[in-house]
2 protein chains.
Amino acid sequence: MADVARRAGVSAMTVSRTLKGTGPVTPETRDRILQAVEDLGYVLDLSAGALSSKKTGFVSVLIPSLNNSNFSDTVSGITEVLDTEGMQVLIGITNYSRLREEQVIETMLQRRPEGIIVTGGTHTPRGRLILEKAGIPVIETWDLPAAPIDHVVGFSNAATIEDMMARLVFRGYRRIAFIEGEHGEDTRGQDRRAGYERAVQALGLERACVISLGRPPVTMAQGSPAVVRLMETWPEVEAVICVSDLPAFGAIMECHRRGWAVPDRLAIAGFGDFEVARQCWPSITTVSVGSRDIGTRAGALMLEAIQAHHTGESLPPRLIRTPHTLIERDSTAGRPEGATAGRVA
Amino acid sequence: MADVARRAGVSAMTVSRTLKGTGPVTPETRDRILQAVEDLGYVLDLSAGALSSKKTGFVSVLIPSLNNSNFSDTVSGITEVLDTEGMQVLIGITNYSRLREEQVIETMLQRRPEGIIVTGGTHTPRGRLILEKAGIPVIETWDLPAAPIDHVVGFSNAATIEDMMARLVFRGYRRIAFIEGEHGEDTRGQDRRAGYERAVQALGLERACVISLGRPPVTMAQGSPAVVRLMETWPEVEAVICVSDLPAFGAIMECHRRGWAVPDRLAIAGFGDFEVARQCWPSITTVSVGSRDIGTRAGALMLEAIQAHHTGESLPPRLIRTPHTLIERDSTAGRPEGATAGRVA
DNA sequence: GCCGGCGGTGATATCGCTAACAGTTGACGC
DNA sequence: GCGTCAACTGTTAGCGATATCACCGCCGGC
C-alpha cells in the first residue's frame, strides 16, 4: 500500500480511504490512486485491515451438513444477504453432532467472526457457554429454543407435524405412522416426532407407530426399507409421515415397485419441501419451512445486530418466527371413501 | 496473549509456541500455560497470526451454486481434507456466471487465501489473468481445460456423454436426443452437448436432436416440459440423454403422468449420479463423476501445493484425471426387440 | 577439558492496515 | 475582514500475533 501511496503522491491513509470508501477523497486524487493500484496490481489485504479495525467481516454459519438442500438453501440465503455488505461467510459442518459443533465453534472463534449463526437450539453445555461468552451476536435457526442464547430465526418443528397430522385426519386418515431418524443427535427430527406423538394423543388416534431409519443424515435410500418394515409391522396403516421428504420419496418409489398405490393403499407425507417432492409422481404432501427465507432473515438480522454491536449498544434478543406452510399434494389425496371416512358417525 | 504469558510466568512467544505446537516446550511449562489459557478464557486470534506469519489458513473454493449436490459434494470433500490441517474453506458462489466469477476471485484475493480452487476451465480473460498472477496454487476442477492455469482435477465432460451414447447405441437405440441447459454460461453443459454431437457423427446416427431447457441452474422442473416438447418435435425418438439427472428425473415423472413407458417408449439417461437417480423408479442410467472424490483429491493436491509453496519451490502443474463411471440402470434397459435392433443386418 | 549442538526460552522487530487526531485549505456568513 | 466549519489529507501509534536471532544450560564426543 505504501508503494501505491508513493506512486500516487499521497499518504497510505488516503489510499486506504479511497479503497474502503471511508472518508472523503477528491475525485482527482481518487483517480490517481486507482490508477496506481491498477498499475501496480495492488490488492488490498483485508486480514491486516481486520487486525487494525477489529472488524473481520466474517460471519460463521454452522450447519449439520452441506448435502441437505434445506441447509444449503439457508446458507445461500445468508450468503446472499451478507454479500451485499461485503461480509464473508465461514461455513462450519457439524455433522449432526453436538460435540462436533462445540469443536467447530471453538475453532471458528479463533477467526474472530463478528457474528455466528447456528442450526438448532440444542448444544453441549460447554458449546452454549462459549457462545454466550463470545461477545458477538448469536442467531439460532431452524428451531424455537425454550431458552435462546441470543436471537432466534426459526419455527416449531413439532408444530409442523401436528399441523400435518390434523390435516391427514381431516382427510380421513386414522391409522397414521411416523418414520423418523435415529434418536439422539438430530434434535429437529426429535421435535417432529414429539409433535407426532402429541398429535396422536390430541386427535384421539389409536396408537403411535414409529419406524426408525438410523443415524442422520436421513436419505432417500432409507425410505424403501422403512416403508416395507412399516407395512409388515402394521399392515393396517393408512398413512405415514416421514421426517423428511427424502425418505418419503424413497418410500414412494418402493411402493411403485411393489405395486402399492399411493395414496390409495398408503398415503405418504414428508417434510422440507425439497424439489423432489414437487416433481415426484405422485407429488408429495409436505411442509415448507422456507429454508431460504430463514437464511435471508437471519442474514438481515445479523447485519442489524452487527451494526448495533459496532455502535456500542447490543441489539436486544429478537425472536423471529418464520412461517411454515402445509402443502397438500397428490400423495395424501384422502381416503377413497371420502374425507369423513373413519370418523365417528 | 500477554495476559496469559504473564499469568503463566513466561513470554508471549512461549505461549504462541504452545498453542500452535511449533517449537519445543517443556511439559510443565506447557501445562501451566494451558491452565492460564483456561482460567482467562483466552482464544487465539488467527487473524493476527496470519498477518505476521503470512499464512492465513484459507483456501478459496468457487462453485456455481451451493444448491447442486454435485458441487456441494465436492465442497464437502475439500472441506473434509483441509480440515485435517486446520485450514478454513472460503466459499464463493459464482452463479454460473463467468463475470461474477471474476468479481468473486477479486474479492477473495483480498483475504489472502493460500490457494484457490475453481470450477471449470473457462474464465473471463481478466479472471484468468488475476488467477495467474495471484502467486498461489490454483486448481481447476470438473473439467480438463486445454490450457490449464495451474493444476487440474477433473474429467472430460464431452467424453462422459460420448461413452453414454456408445452404450445406448449398443443397447439398440438409434434415435437419441439430448436435453441441455441454455448455451452460454454453463461450459460443462456445453461440453457435454459437444460430446453428444460428436457421438452422433461418430456412430453414424441420423441427426442430432437437441432440446434446450433455459438458463442454468438446470432443475427437475425443467425436465417435464422438455420431454413433452421432445416427443412433439421428434415423435420417433427412442432415447434421450439429459445434461443432468435432475431434468432426467423430471422427465421420467412426466412420462409416468402421461403413461409413456420408460424405458420401453422412451429411454432416459442423466448425468451426475444424484441420489434421486439411484432411488427413482425406474432407476436412472447416469454417469458418476465422483463429485466427492474430486473434492478430496483437489483438497489433498492443494495441501501438497501449499506445502511446496511454503518451502519456496512451487509444485509443477499437475493434471489429475478423475475416473467417470457409466452406471446403467433401469431407465435404459434396451430396445424391446433386443440389443441388436436398429443395426444394419 | 573443550567444543559443537540441541532443547528450551526470551527480546525485538515487524506483518499491512486503520483509528484517532492534527493539520491545511477554501468557502461562506455576518 | 475575520471567525467558523467542512472538506480533504497527513502523522503517529497501535491491532495481536509470529519470525528471527540470541541466549543459556547441558549433554556427549574426541
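Letters A, B, ... are given to chains in the order of the sequence lines, protein chains preceding strands, and every chain is numbered from 1.
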message: Counting only heavy atoms and a strict 4.0 angstrom limit, can you tell me which residues of residues 13-22 of chain A come near DNA chain D?
response: A/M13, A/T14, A/R17

task: Could you state the atom-to-atom distance from NE2 of A/H310 to P of C/dT18 in whole Å?
output: 14 Å

- request: Could you check B/T14, B/V25, B/V37 and say which one makes a side-chain contact (heavy atoms from CB on, under 4.5 Å) with B/L19?
  value: B/V37

Side chain to side chain, B/T94 and B/I63, heavy atoms closer than 4.5 Å: no

- request: Check the distance between C/dG7's C1' and B/E28's CD and give it to me in whole angstrom.
  value: 14 Å

Short side-chain N/O contact from A/T26 to OP1 or OP2 of D/dT9, under 4.0 Å: yes

query: Is a side-chain donor or acceptor of A/T119 paired with a backbone partner of A/P64 at a separation under 3.5 angstrom?
result: no

- prompt: Going by heavy atoms in the side chains, are B/V89 and B/I78 under 4.5 Å from each other?
  reply: yes

- prompt: Can the positive tip of A/R7 be found less than 6.0 Å from the middle of the six-membered ring of A/Y42, inside 45° of the ring normal?
  reply: no

message: Measuring only between side-chain heavy atoms, which start at C-beta, is A/V59 closer than 4.5 Å to A/I116?
response: no

task: Return the value, rounded to whole Å, for the distance between atom CD of B/Q110 and atom C1' of C/dT18.
output: 15 Å

- request: Examine A/R188 relative to A/F155 and say whether NZ or CZ is less than 6.0 Å from the centre of the six-membered ring and inside a 45° cone about the ring axis.
  value: no

message: I need the CD1-C1' distance between A/I33 and D/dC8, as an integer number of Å.
response: 11 Å

field: Name of the residue among A/R100, A/R126, A/R111 meeting salt bridge (charged side-chain N to carboxylate O under 4.0 Å, His left out) with A/E106
entry: A/R126

task: Name the closest nucleotide to the A/V10 side chain, picking from D/dA17, D/dG10, D/dT9.
output: D/dG10

task: Can you sort out which residues in residues 36-57 of chain B have a heavy atom within less than 4.0 Å of DNA chain C? Ascending by number, please.
output: B/L51, B/S52, B/K54

Value in whole Å for how far the C1' atom of C/dT9 lies from CZ of B/R32: 11 Å

